[in-house]
Amino acid sequence: NELLRRNAEELLTKNTLLEEQKRQISNQAKKLKKQKEELLKQKEMLQNLNAMKDRLFSVIAHDLKGPFQGILGLTDLMVRNYDEMGDAERKEFIQVINNSSENFFNLLENLLHWSRAQLSHIAFNPGSFELSEVISNNKVLFNEQCARKKITLEEKYHGDTRVYADKNMIETVFRNLISNAIKFTPEGGLIRIIVEDSGTMKMVSVQDTGIGMDRQILNSLFKTNRPVSRQGTSGEPGTGLGLLICHEFVHKNNGKIWAESTPGKGSTFFFTLPAAEGSL
C-alpha cells in the first residue's frame with residue numbers, strides 16, 4: 001500500500017509538472033505568434049514607408065523639376081525678347097507663369113502635409129464647425145481657376161452641415177478634391193458639392209463632369225504603392241499625392257473616403273465625417 005501511495009504521488013507530481021510544462025509551452029507559442037504578427041505588421045509598415053519614400057523621390061525628381069523648368073524657360077524668353085513682344089503676348093506668358101507657379105505651390109503644400117502626416121507632426125484639433133463655411137471659402141479660393149476653364153461650381157445642402165472634425169484637415173481635403181475636379185473637367189463643365197445626412201455621419205460628395213476614370217485607375221486611388229499620376233484637361237500636372245492626403249486626413253477624423261467614376265462621364269468622390277452633437 002505504501003508503495004502504491006508513493007507511486008501515485010510520483011505520478012501526480014509528474015502529471016503536475018507535465019501540465020506546467022504544457023502551460024509554459026502554450027504561453028511561449030502564444031508569445032511567438034504575437035511576435036510573428038508584430039513582425040508582419042512592421043514588415044508591412046516598412047513596405048509602405050518604402051513605397052512612400054520612392055513616391056516622394058519620384059515627385060521631387062520629376063514633378064518639382066518640371067514647373068521650375070517651365071517657369072525658367074518662359075522668363076528667359078521674356079527677358080531676351082521683352083522689347084519685341086506685344087502686350088497681349090506678354091500677358092499670355094505671365095498667365096502661363098502664374099499657372100505653373102500655382103501648380104507648383106499646390107504640390108509643395110501637399111508634400112509638406114504628406115511628410116508631416118507620415119511623421120505624425122500634424123496637430124489634431126477636432127471641434128464642431130459648419131461644412132458650408134469651408135465650402136464657401138473654397139469657392140472663393142477657386143473662383144479664378146473655374147472662370148479660366150468656364151466651369152460652374154455649385155453646392156447643395158440637405159439639412160444642416162455641422163460636423164465634429166479637425167477644420168484645418170478638412171479644408172485641405174476640400175482643396176484637393178475641388179482642385180482635382182477642376183483639373184480633370186474640360187471647359188464649360190460642372191462641379192457640384194453636396195452635403196447630406198448618413199446615419200450619425202455627414203456625407204460629402206464632390207461630383208464633376210470630367211474625363212472620368214477606368215476601373216484600373218479607380219482601384220489604384222488612395223494607395224501608396226500604386227500611385228496615380230495623370231495630366232489634367234489643360235495639361236495640369238497630377239501626382240496622386242493629394243488623394244493620399246485626403247485619405248489620411250479623413251480616416252484621422254473617423255470618416256471614410258471612396259470614389260465612383262465612368263470614363264468620359266465624370267467622377268464623384270465621397271467622404272464621411274461624424275456629425276456634430278445635436279446636428280441630426
Side-chain angles (χ1 to χ4, degrees), residues 102 106 109-110 113 126-213 218 221-222 230 232-234 236 238 240-262 264-276 279-280:
E102 192 175 79
N106 290 335
E109 189 174 42
N110 279 339
H113 281 308
S128 297
F129 64 91
E130 295 283 352
L131 284 174
S132 56
E133 179 186 339
V134 175
I135 294 168
S136 295
N137 291 339
N138 273 279
K139 281 190 70 177
V140 173
L141 181 66
F142 288 103
N143 265 343
E144 186 180 341
Q145 286 187 46
C146 286
R148 205 180 298 151
K149 294 182 76 172
K150 300 180 178 64
I151 290 172
T152 301
L153 177 58
E154 62 181 38
E155 74 270 29
K156 288 188 176 182
Y157 306 118
H158 302 292
D160 71 64
T161 66
R162 244 172 1 112
V163 296
Y164 184 81
D166 185 297
K167 189 175 181 181
N168 289 330
M169 289 185 177
I170 303 310
E171 284 178 339
T172 300
V173 171
F174 272 109
R175 279 200 303 273
N176 276 290
L177 292 182
I178 295 172
S179 176
N180 274 357
I182 295 170
K183 186 182 300 180
F184 297 110
T185 298
E187 285 193 7
L190 170 67
I191 297 170
R192 181 180 288 117
I193 304 169
I194 301 172
V195 181
E196 55 193 315
D197 294 334
S198 180
T200 58
M201 311 290 280
K202 297 290 182 181
M203 184 170 73
V204 179
S205 57
V206 180
Q207 307 172 353
D208 66 58
T209 57
I211 59 178
M213 296 173 282
L218 200 58
L221 301 177
F222 313 117
R230 294 196 301 166
T233 55
S234 295
E236 305 98 325
L241 192 60
L243 290 180
L244 297 181
I245 294 167
C246 291
H247 181 271
E248 188 92 22
F249 284 0
V250 169
H251 278 258
K252 181 75 172 176
N253 285 278
N254 300 310
K256 295 180 180 179
I257 185 168
W258 69 99
E260 296 176 0
S261 185
T262 302
K265 294 186 178 180
S267 304
T268 302
F269 282 82
F270 303 89
F271 68 93
T272 60
L273 294 170
S279 68
L280 293 175

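Position 1 is the first residue of the sequence, and the numbers go up from there.
- Asn254 and Met201 make their closest contact through O-CE, 3.3 Å (heavy atoms, listed as atom of the first residue, atom of the second, distance).
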I would like to know whether Gln207 and Ile191 meet side-chain contact (heavy atoms from CB on, under 4.5 Å); could you show each step before the answer? CA-CA 6 Å; Gln207 307 172 353; Ile191 297 170; over 6 Å; no

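- A salt bridge is absent between Glu248 and Lys252; no separation between the charged side-chain nitrogens and carboxylate oxygens falls under 4.0 Å.
- With a 4.5 Å cut-off on side-chain heavy atoms, Ser267 and Glu260 do not count as touching.
- Distance CD1/Ile170 to CG/Leu273: 4.5 Å, rounded to 0.5 Å.
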Could you list the donor-acceptor pairs under 3.5 angstrom formed between side-chain atoms of residues 127-136 and any protein atom two or more places apart in sequence or on another chain?
{"from": "Glu130", "atom 1": "OE1", "to": "Thr161", "atom 2": "OG1", "distance (Å)": "2.6"}
{"from": "Ser132", "atom 1": "OG", "to": "Thr161", "atom 2": "OG1", "distance (Å)": "3.3"}
{"from": "Glu133", "atom 1": "OE2", "to": "Lys167", "atom 2": "NZ", "distance (Å)": "3.0"}
{"from": "Ser136", "atom 1": "OG", "to": "Ser132", "atom 2": "O", "distance (Å)": "3.0"}

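- Contact of the Phe184 side chain with the Asp208 side chain is not registered, since no non-hydrogen atoms from C-beta on lie closer than 4.5 Å.
- Side-chain contact between Leu221 and Leu244: absent, with no pair of heavy atoms (C-beta onward) separated by less than 4.5 Å.
- Among pairs with a residue in residues 132-183, those fulfilling ring-ring contact (aromatic ring centres under 6.0 Å, His included) read Phe174-Phe271, at least two apart in sequence or across chains.
- Distance alone, capped at 3.5 Å, is enough to place a donor-acceptor pair between the Thr209 side chain and the Leu190 backbone.
- Between Phe270 and Val250, the closest side-chain pair of non-hydrogen atoms is not below 4.5 Å.
- You'll find the side chain of Leu153 reaches within 4.5 Å of the side chain of Ile193, heavy atoms only.
- Lys149 places none of its side-chain heavy atoms less than 4.5 Å from the side chain of Gln145.
- Taken to the nearest 0.5 Å, the SG atom of Cys146 stands 9.0 Å off from the NZ atom of Lys139.
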